[in-house]
2 protein chains.
Amino acid sequence: MLSRTYAIAQPEQAAVRRLGSLARLTETDLRKIADAAADARYFPARTEIVREGAEPARPTLLLRGWVAHQRILPDGRRQIVGFTLAGELFGRSWSCQDCALTSQVALDNVGLCTAPEAEPGSGLSLAYEKERLAHRLQLIDNVTRLGRMDARERVCDLLLELLERLQRSGEAEGNTFAMPLTQECFADALGLTPVHLNRTLQACRRSGDLSWRGGRVTLHDPAALARNLGRKRNRLQLP
Amino acid sequence: MLSRTYAIAQPEQAAVRRLGSLARLTETDLRKIADAAADARYFPARTEIVREGAEPARPTLLLRGWVAHQRILPDGRRQIVGFTLAGELFGRSWSCQDCALTSQVALDNVGLCTAPEAEPGSGLSLAYEKERLAHRLQLIDNVTRLGRMDARERVCDLLLELLERLQRSGEAEGNTFAMPLTQECFADALGLTPVHLNRTLQACRRSGDLSWRGGRVTLHDPAALARNLGRKRNRLQLP
DNA sequence: CGCAAACTTGATATCTTTCAACGCGGGTGG
DNA sequence: CCACCCGCGTTGAAAGATATCAAGTTTGCG
């Protein structure tokens, strides 16, 4: 019973794993994270946490669930620009940022808290820098994906990215992870139609690249996929 | 004669205009920029200034010309992820960045210099922050463009972005600007085939949206285009 | 003048979207 | 407990957008 209570009382687990994998955290850093996480707020799926153009998202640590960053075009088309997964940061603002560049919506039941201040030079501060860099890398990968890959490549490439990130924060089991996204959301991230995504997924399943059933995704040979797609491991030279 | 010499001796003009439009620069800031620009290096078109994965690009001020940031897929497909225009910064590295995330190639005859250090709190420092933010906004816009716009919209949206940026650094004349890009490059930035881009451009010309002849582009009604595309002005709330 | 790079054109193949319908499963109210 | 309903996934057929291939044609420049 005690151990169970203990587990429930550690909402910051994913964040600690993720940030700890980016830099060596001190006891002070860990305490700051735990303190911040004690103030967690929770939102149900589909909540719009921040609206594009409204006042800025403060730097936020996502404790559980997934958040999508999206744009809506005047005629209603939606593009999901990127995701934040449990343990990652989002809304890290710049000194001059007056409004959010994208809307941020919960894809899941999410829990989040204000990201603790990092002292200059601390491990936490370094982890934050690496998060920023990783985020930039994800944007660049996304541009390449949408600009020059066909549907099948886009699906594999994004799933591969998600797997790598989830492995880093301890949220994957081997090459399998929980996929809270609806096919429609996934299509909006890949610049595809839900119908076409569905057919593409079936093709991927038939060719043995992946399975996706009941909210769980498995990539059968991530290394081979990464090689074919030109996805370099450790572009960030992370520890 | 003197005035002509003076003009030639000011390679930092575009940079001063651009950075000065982002924040109020002091005499000290201006002197730093001029000093840095005195050490300019020049490269001919097609030079690869930094190769992806090689050692980091140092923060660099582009004095003249255009630079493309690109990725090459294993089979040779190319995606141009973004551009740096005269007066803008690129290669601004993070403390932990060990290698460039994209290759950077000169599209033009370019001139560049090391970006001067900005003292914390200075106008120059603020301008750098805004540059960073603008760069991030451009990436997000690019994702939306590639993911959810058709060929015609992509063309107009990117040209609109370029026009806005060139106006800010004083490199446009009204709604007209010099376009050093080949149609093939432009296609690689838009995720299109050169052939299809060509046909799309013709459609845009016929419908009166733009003209592009002899390296000069004119947008005939930028405001209307921006409205149709849902492009908000001043997302950055710049002065 | 002549070459090479860039731009243009036409015909055809491939990929992706659109529209409309059907099935399945989980929740909910009667 | 069952019937209904709704969200989500799946399917088919046809239309639309984009890519490919293979010529021309123009342009700029030595």
Side-chain angles (χ1 to χ4, degrees), chain A residues 44-46 66 68 73 75-80 105-109 145-159 178-207 210-217, chain B residues 44-46 66 68 73 75-80 105-109 145-159 178-207 210-217:
Chain A
R46 290 158 199 277
W66 292 23
L73 295 187
D75 66 352
R77 281 173 287 183
R78 173 173 75 159
Q79 177 64 43
I80 291 183
V105 323
L107 293 171
D108 213 356
N109 297 328
R145 193 151 49 221
L146 294 171
R148 281 301 180 222
M149 291 185 183
D150 65 20
R152 195 154 164 289
E153 294 170 314
R154 289 185 208 182
V155 167
C156 294
D157 190 65
L158 179 51
L159 288 177
M179 162 58 86
L181 293 193
T182 209
Q183 286 189 7
E184 185 177 359
C185 275
F186 203 60
D188 279 336
L190 292 176
L192 299 171
T193 290
V195 174
H196 191 56
L197 172 66
N198 183 289
R199 291 196 241 260
T200 305
L201 281 176
Q202 292 174 53
C204 290
R205 285 193 274 241
R206 272 194 300 274
S207 67
L210 58 85
S211 51
W212 173 337
R213 209 179 306 285
R216 313 221 95 220
V217 170
Chain B
R46 288 156 202 276
W66 292 22
L73 295 188
D75 65 353
R77 281 173 288 182
R78 174 174 74 158
Q79 176 64 42
I80 293 183
V105 323
L107 293 171
D108 212 356
N109 297 328
R145 194 152 49 220
L146 294 171
R148 282 298 181 225
M149 291 185 183
D150 65 21
R152 197 155 164 288
E153 293 171 313
R154 289 186 208 181
V155 167
C156 295
D157 190 65
L158 180 51
L159 288 176
M179 162 59 86
L181 293 192
T182 209
Q183 285 188 9
E184 186 178 359
C185 275
F186 204 60
D188 279 337
L190 293 176
L192 298 171
T193 290
V195 174
H196 191 58
L197 171 66
N198 183 288
R199 292 196 239 261
T200 304
L201 281 176
Q202 292 174 54
C204 289
R205 285 194 273 243
R206 273 194 301 275
S207 67
L210 57 86
S211 50
W212 172 337
R213 210 178 307 283
R216 314 222 94 221
V217 170

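All heavy atoms count here, side chains included; hydrogens, waters and symmetry mates do not. So that the names make sense, note that chain A is the first sequence line, chain B the second, and so on, each numbered from 1. Just so it is clear, the structure is predicted and the values come from calculations on it, not from any experiment.
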Separation of [N] [atom2] from [X] [atom1] (nearest whole Å):
X: B:Met179; N: C:dA6; atom1: CE; atom2: C1'; answer: 15 Å
X: B:Leu107; N: C:dA5; atom1: CG; atom2: C1'; answer: 16 Å
X: B:Arg77; N: D:dA19; atom1: CZ; atom2: P; answer: 12 Å
X: B:Glu153; N: C:dT17; atom1: CD; atom2: C1'; answer: 14 Å
X: B:Leu201; N: D:dT18; atom1: CG; atom2: P; answer: 13 Å
X: B:Leu197; N: D:dT20; atom1: CG; atom2: P; answer: 14 Å
X: A:Leu192; N: D:dT10; atom1: CG; atom2: C1'; answer: 17 Å
X: A:Arg213; N: D:dC8; atom1: CZ; atom2: C1'; answer: 15 Å

Is any side-chain N or O of [X] closer than 4.0 Å to OP1 or OP2 of [N]?
X: B:Asn198; N: C:dT8; value: yes
X: B:Gln183; N: C:dA5; value: no
X: B:Arg205; N: C:dT8; value: yes
X: B:Gln202; N: C:dC7; value: no

**Study point:** Distance-only donor-acceptor test (3.5 Å): side chain A:Arg199, base C:dT18
**Key:** yes

Check your understanding: Do A:Thr200 and A:Arg154 meet the criterion of a side-chain donor-acceptor pair at a distance under 3.5 Å?
Key -> no

Point to revise | Check: B:Ser207/B:Arg152 side-chain N/O donor and acceptor closer than 3.5 Å | key: yes

Review point. Looking at SG of B:Cys156 and CE of B:Met149, how far apart are the two atoms once the value is rounded to the nearest 0.5 Å?
Key: 9.5 Å

With the side chain of [X] defined as its heavy atoms from C-beta on, choose the nearest nucleotide among [options].
X: B:Arg46; options: D:dA19, C:dA6, D:dT10; answer: C:dA6
X: B:His196; options: D:dT18, C:dT17, C:dT8; answer: D:dT18
X: B:Thr182; options: C:dA6, C:dT8, D:dT10; answer: C:dA6
X: B:Asp150; options: D:dT10, D:dT18, C:dA5; answer: D:dT18

Review point. Could you go step by step and tell me if B:Arg148 and A:Leu73 meet the side-chain contact (heavy atoms from CB on, under 4.5 Å) rule?
Key: CA-CA 8 Å; B:Arg148 282 298 181 225; A:Leu73 295 187; 4.2 Å; yes

**Study point:** 5'-most by nearest nucleotide on DNA chain D - B:Thr200 or A:Leu181
**Key:** A:Leu181

Check your understanding: If you draw a 6.0 Å radius around CD in B:Gln202, do more than 12 non-hydrogen atoms from other residues or ligands fall strictly inside?
Key -> yes

Check your understanding: Across the strands shown, which category fits B:Gly191 at heavy-atom distances under 4.0 angstrom: base, sugar-phosphate, nothing?
Key -> sugar-phosphate

Practice item. Give one of base, sugar-phosphate or nothing for B:Gly215, where a contact means two heavy atoms less than 4.0 Å apart. Key: nothing

